[in-house]
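Single-structure report; data block below.
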2 protein chains.
Amino acid sequence: MTKAIRLKDVAEAAGVSQGTASNVFNRPELVREEVREKVREAARALGYGGPSPQGRLLRTGKVNAIGFAADQPLPYLFSDPWARRLLTEVADVCDARGAGLALVSVTEEHPTGWTIESALVDGFLLSGGGRQFLVEMTQRRGLPFVSLSLDAYDSEVPAICVDDFGGAYAAAQHLLELGHRRFAVLGFALGEGPGRVTPDEVRAARSMNVRKRARGYWAALAEAGLPETAVPVHAISRDGANIGEALALLFADREAAPTGLLAMSDRIALAAIAWLTGQGLRVPQDVSIIGFDGVLEAARSPLPLTSMEQPFREIAERAVAAILDDAMPRGQELLPLQLVVRGSTGPAPV
Amino acid sequence: MTKAIRLKDVAEAAGVSQGTASNVFNRPELVREEVREKVREAARALGYGGPSPQGRLLRTGKVNAIGFAADQPLPYLFSDPWARRLLTEVADVCDARGAGLALVSVTEEHPTGWTIESALVDGFLLSGGGRQFLVEMTQRRGLPFVSLSLDAYDSEVPAICVDDFGGAYAAAQHLLELGHRRFAVLGFALGEGPGRVTPDEVRAARSMNVRKRARGYWAALAEAGLPETAVPVHAISRDGANIGEALALLFADREAAPTGLLAMSDRIALAAIAWLTGQGLRVPQDVSIIGFDGVLEAARSPLPLTSMEQPFREIAERAVAAILDDAMPRGQELLPLQLVVRGSTGPAPV
DNA sequence: CCTGCCGCTTGAACCGATTCAAAAAAGATC
DNA sequence: GATCTTTTTTGAATCGGTTCAAGCGGCAGG
């Protein structure tokens with residue numbers, strides 16, 4: 001690796017112009033067989049491994065890769081089931097179309113190095129909240145981007161998301177049809193520690209996704225004659241670690257305890273099941289619980305979880321196409337969720 | 001996004017040379033404050049988001065990113081616990097040093113699109129076997145690379161690996177110290193379907209890692225007076241799906257069945273535990289089992305797994321440094337594993 | 001007033017390819 | 001053999017920056 005061989009060197013060695021040499025590698029049909037072989041021969045002799053991507057890049061402008069950006073340290077992408085599932089599908093889609101995938105983490109602390117500003121990609125997928133500064137940075141870069149979840153409401157930001165309202169509505173509907181009348185909502189991203197939050201606090205939540213899910217639950221329950229105030233919403237941490245405190249409160253009075261639990265994520269639902277069964281409560285005989293997301297772990301769990309499943313594949317395909325095929329969504333594009341009934345929901349106890 | 005703004009445009013607008021404008025962004029201390037501000041002002045007015053990475057790249061040659069290449073479809077990187085753990089650590093290390101990480105899949109079928117030949121990176125980490133064509137492709141590209149596992153023996157290929165022999169030796173040693181005398185080895189990548197394989201077949205295995213682990217087990221057991229022939233080696237699929245068939249054979253005669261199981265991966269060990277407990281056998285009272293890798297799932301499992309833990313973090317750090325700091329290992333660099341005793345191993349039944 | 005030095009700017013070369021209009025070569029037709 | 005096509009090949013422009021030797025103006029010292 002003393003000095004790099006350039007296309008020019010190969011062209012000279014083969015006695016042709018650089019343009020012809022370039023064609024040999026990119027549009028061989030334009031070059032006479034004889035010449036083509038001569039150039040290939042020269043390339044082989046010189047140990048030339050084909051045109052360097054950086055050169056091509058500069059000229060064509062297309063990197064053929066997309067950046068997956070999160071406002072979290074990168075390991076988060078591998079530990080959170082939702083993010084992981086989405087990333088898996090995006091990776092698969094990229095792979096299938098021969099596009100590259102680069103991981104980018106953007107935390108406010110170290111805005112240096114390989115970030116949104118310097119990543120060599122054609123556009124970005126923004127996961128983990130369209131957090132303001134993430135969106136701003138991306139806009140500054142001037143590359144196309146699609147947000148995969150919503151933070152502060154901003155219909156200007158192109159996004160591909162699930163229909164949170166409709167999904168939540170369907171989830172509540174499912175439990176209502178099973179005869180449940182006493183509910184509780186387990187939500188995340190609702191501010192500080194565990195505890196019950198008021199409807200107004202929910203409506204003030206930063207996460208658009210969370211707000212819409214709450215509205216969906218409420219809408220379905222209201223139609224059944226249950227007002228917001230009759231449905232306690234509890235704030236759970238994203239990983240469901242503090243689920244016990246919330247549930248202990250809810251199930252202190254077993255008579256008045258909810259029989260239908262509406263969890264805003266599968267991770268929380270699974271944590272809830274673990275706690276409930278640990279307390280001797282039976283799921284779904286005593287308590288039904290429905291999750292949200294439809295992550296892999298939900299299906300694999302010892303007690304398979306009923307959940308509103310996101311169309312991960314479709315999201316990934318639409319998002320990648322938006323960037324690579326310049327098929328940007330106009331505003332927000334909502335995809336429907338699908339109710340998947342498994343073992344965690346059943347008829348309300350009599 | 002009618003037309004992109006170039007550094008040149010900014011320079012012109014600010015009335016300075018392009019070189020000065022470049023310095024404003026890269027080495028501001030060289031430019032007089034007054035001029036610096038003027039250029040920044042012009043940039044802001046024009047909506048210039050800073051020098052484009054592709055331009056810089058061409059000149060400097062450094063992408064500041066590494067490619068993680070696997071000879072499997074990309075989703076494999078997220079589903080296999082070992083790959084995932086390694087990738088997580090690599091991602092974290094890259095993140096910490098502000099380097100980018102790109103995922104590359106190379107399967108023989110579609111060698112087109114974003115592959116080793118076209119990825120914009122400074123070098124590659126090869127996971128999932130230094131499978132011949134993977135190594136060859138990478139060498140052709142002419143970028144530095146480090147293999148993270150070994151396939152056909154080739155001491156010329158730079159690699160950063162764990163000390164398979166020593167680790168396996170220690171694993172067997174651990175069970176011997178607990179008094180076990182009847183063993184079986186559960187290995188992977190040992191050819192077709194399930195079933196017992198002969199020592200010679202093991203020695204002919206393509207995977208260097210597997211061969212070394214087997215030799216490590218044998219060495220320790222031989223010192224205790226147990227010849228190779230007394231230790232059946234069974235071929236299990238990588239995901240442990242067919243573990244039942246192998247164990248059914250081994251435990252057909254309960255009297256002669258092994259009390260110590262040496263699994264070449266945690267994934268296999270966990271599958272084995274699931275099968276054994278399903279059959280009413282108690283771990284570790286009836287059967288002790290020790291895994292290999294030390295993946296996250298091993299610690300989290302209902303019955304935490306005793307395992308030989310790989311220094312994932314260290315591997316990641318060394319590997320990334322090798323590429324980015326040009327600190328290539330000379331030949332193969334072996335890192336020690338650490339015995340972590342958890343709940344799956346105990347004294348041999350009397 | 002001249003000289004030497006210092007700090008900031010400039011201008012041009014260069015990085016490694018792709019692209020395309022135009023020239024050259026080859027082939028076809030009369 | 002002359003003319004018209006068609007196929008190949010060439011040469012130069014271009015992509016968007018970085019780098020560095022050389023130039024410039026101002027100031028201190030003699």
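A, B, ... follow the sequence lines: proteins, then strands. Residue 1 opens every chain. Bear in mind that the values here come from a model prediction, so they are computed numbers and not experimental data.
- Checking D/dT9, C/dT18, D/dT19 against the side-chain heavy atoms of A/Leu7 singles out C/dT18 as nearest.
- Distance CG (A/Leu57) to P (C/dA17): 12 Å, rounded to an integer number of Å.
- Look at CG on A/Leu58: it is 13 Å from C1' on C/dT19, rounded to the nearest Å.
- Put simply, CD on B/Gln54 is 13 Å from P on D/dC15, counting in whole angstrom units.
- Nearest-nucleotide mapping onto DNA chain C: of A/Pro53 and B/Arg36, the residue sitting toward the 5' end is B/Arg36.
- Within 3.5 Å, a donor on the side chain of A/Arg59 pairs with an acceptor on the base of D/dT14, or the reverse.
- Remark: the backbone N or O of B/Asp164 is not paired with any side-chain donor or acceptor of B/Asn209 at under 3.5 angstrom.
- D/dG11 atom C1' lies 13 Å from atom CG of A/Asn23, rounded to whole Å.
- Counting distance only, with no hydrogens placed and no angle test, the side-chain atoms of B/Gln18 and the base atoms of D/dG17 include a donor-acceptor pair under 3.5 Å.
- The side chain of A/Tyr48 places no N or O atom within less than 4.0 Å of a non-bridging phosphate oxygen (OP1 or OP2) of C/dG16.
- No donor-acceptor pair under 3.5 Å is formed between the side chain of B/Asp163 and the backbone N or O of B/Leu334.
- Between B/Ile160 and the choices B/Arg318, B/Glu314, B/Gln332, B/Glu317, the side chain to side chain contact (heavy atoms under 4.5 Å, CB included) rule is met once, by B/Arg318.
- Atom P of nucleotide C/dC14 and atom NZ of A/Lys8 are separated by 8 Å, given to the nearest angstrom.
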Q: Apply side chain to side chain contact (heavy atoms under 4.5 Å, CB included) to the pair A/Ile116 and A/Leu134, showing each step before the final yes or no.
A: CA-CA 8 Å; A/Ile116 301 236; A/Leu134 227 186; 3.6 Å; yes
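- With D/dT10, D/dG17, C/dG16 as the candidates, the nucleotide lying closest to the side chain of A/Ser17 is D/dT10.
- In terms of modelled atom types and a separation under 3.5 Å, the side chain of B/Asp71 and the main chain of B/Val106 share no donor-acceptor contact.
- Among the protein residues, A/Phe25 comes within range of no part of the nucleic acid, since none of its heavy atoms lies under 4.0 Å from any strand.
- When the nearest nucleotides of DNA chain D are assigned to A/Arg32 and B/Pro51 by heavy-atom distance, the more 5′-ward of the two goes with A/Arg32.
- Within 4.0 Å (heavy atoms only), A/Ser22 reaches at least one base atom of the nucleic acid.
- You'll find that the side chain of B/Thr20 is closest to C/dT9, out of C/dT9, D/dG16, C/dT18.
- Atoms CD (A/Glu12) and P (D/dG11) sit 12 Å apart, rounded to a whole Å.
- Rounding to whole angstrom units, CZ of residue A/Arg27 and P of D/dT7 are separated by 15 Å.
- Distance B/Arg6 CZ to D/dC15 C1': 9 Å, rounded to the nearest Å.
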